[in-house]
Each structure stands twice: as structure tokens, then as C-alpha cells.
J.: 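My questions will all concern the structure given below.
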Amino acid sequence: VIDGLQGLVEVSRVDTELAARERERVGVPAKRAACAEERARLEARRDAAKAAVEAADLLQRHSESDARDKEALLAKLEGQQHQIKSNEAYTALLHEMAQAREAISEAETRILEAMDAIEQRRSEAAALEQELLAVNGRLSQQERLLDERERTLEEEIAELRKRREDATRHLDAELLDRYERIAGRRSPAIAIVSREICLGCRVDIPPQRYIEILRGEELITCGHCQRILIHEDQLRQAAAR
Ligand SMILES: [Zn+2]
């Protein structure tokens, strides 16, 4: 049984490493997605700034055309001043002229506001473009490292699987089966016993069970955490061989 146990310890070590590598590999896509998301967020802000420049530019051109139309109207109305006969018509004309002047003034205000917005949003877009350049450099580097890490993990996982195969080849099938069942519930499935304590759960081992462990004639599991128990001295013997 001790030989089998020592074999299981190796399997358990491989399983622990394998689980860590597999966990890390499963996390890689999320890290990659986080890079893409950071890039997309920044691009969206830059695009919004560019769209705002275009909108302000359009508003400026519309307002300029508006102002020109109203100036033409005002000039036409001013030309009519001397042809007016009645006071009523004259008052109406003055009212129309005042309205045109007000419309021109409003259009000019809009033009100035649009020009301000263009300047502000354009420099914002340029700053974001710069930031994007720097962030892209950093993200591309991160993505390269992730690709590399993923490749390394896959190689290591393949290697560990091979090591596991080698370690289980000469193991008793029943022993391995018991191990697998425990490993399905808790990892690692093997605990070392030191000073009558199970190091898996830190609970004292009853004296009778402790004696059985030392005897090494059958497989003993911890009454508390159900892990397969191996005494530290037995482990040391294995390492010495
Ligand atoms: Zn235990």
C-alpha cells in the first residue's frame, strides 16, 4: 500500500499543478476581452469627439447660411422703406426688419458657439487619439504576452498530462479509482500526516487510526476531511529512494 500511496502522492502533485495551469488558461480569454474592451472604450470616446466636431461644423455652416439669408432679407426690406405709403405698412416693415436683425444676431451667436465647440472637441479628439496610440501600444504588448502565456500553458498542460499518465500506469486500478473519487470532491485528495495531525484539515487523528497509518497495510482516509492519509516519514522514504 505504501508504494501505491507514494505513487498517488506524485499523481496528486501533478493534479494540483494541472489544475492551476488549467485555471489560468481558462482565464486567458477574459483577460484578452478586457484588453479589447479597454481599446473599444477609448475608441468610442474618440469617435464621439470626432462626431461632435462634425455636428458643430454642420451647425456652423447652417447658421452661416441662415445669417446670409436673413442679411439678404434685411437688405431687401431696407430697400422697401422709401416705397411705403401708409404708417401701418411702415410699422409692419420695421417689425419685420427687427425680426431679421434678431435672427441674424441669433445665428451669429450660434456660429460663435459652434466654433468654440469645434475647437474644444477637436483638441479633445486629438488628445484621445494620442492616448489611444499609447494605450494601443501597451495593450498590444499585453496581448502578445497573453498569446505567449497561453502557448506555454498548453505545452505545460500537455506535459503534465503525460506525467500523470506515466505516474498512473503502474498504480493499482482500485487505489486510483478511490483517489479519483476523492479528488472529484476535494483538491488535493491526499493529506500528509505530521504529529498525529492531518495537515489537510488540521484535525487530530485518533490513536488507533494513527497506528494503522504507520503500519501502512491499508489505505486510511481522514475521518474529518476524507483525504487519503500518508505519514510524512513514508513520504520521506519515497523521496530518499
Ligand atoms: Zn483531514
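Note that ligands are numbered from 1 as they come in the structure, with each ligand's atoms numbered from 1 the same way.
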J.: At a cut-off of 2.8 Å, list the protein N/O/S atoms near the Zn ion (ligand 1), residue plus atom name.
T.: C198 SG, C201 SG, C222 SG, C225 SG
J.: Are Q141 and R138 close enough that a side-chain donor and a side-chain acceptor fall under 3.5 Å?
T.: no
J.: How many angstroms lie between atom CG of L146 and atom SG of C35, to the nearest 0.5 angstrom?
T.: 5.5 Å
J.: About how many Å separate CZ of R209 and CD1 of I205, when rounded to the nearest 0.5 Å?
T.: 8.5 Å
J.: Please list, chain by chain and in numerical order, all residues satisfying side chain to side chain donor-acceptor pair (under 3.5 Å) with R46, sequence neighbours excluded.
T.: E129
J.: Among E154, E156, E150, which residue satisfies the side chain to side chain contact (heavy atoms under 4.5 Å, CB included) criterion with T152?
T.: E156
J.: Does one side chain, of E10 or Q6, offer a donor that lies under 3.5 Å from an acceptor on the other?
T.: no
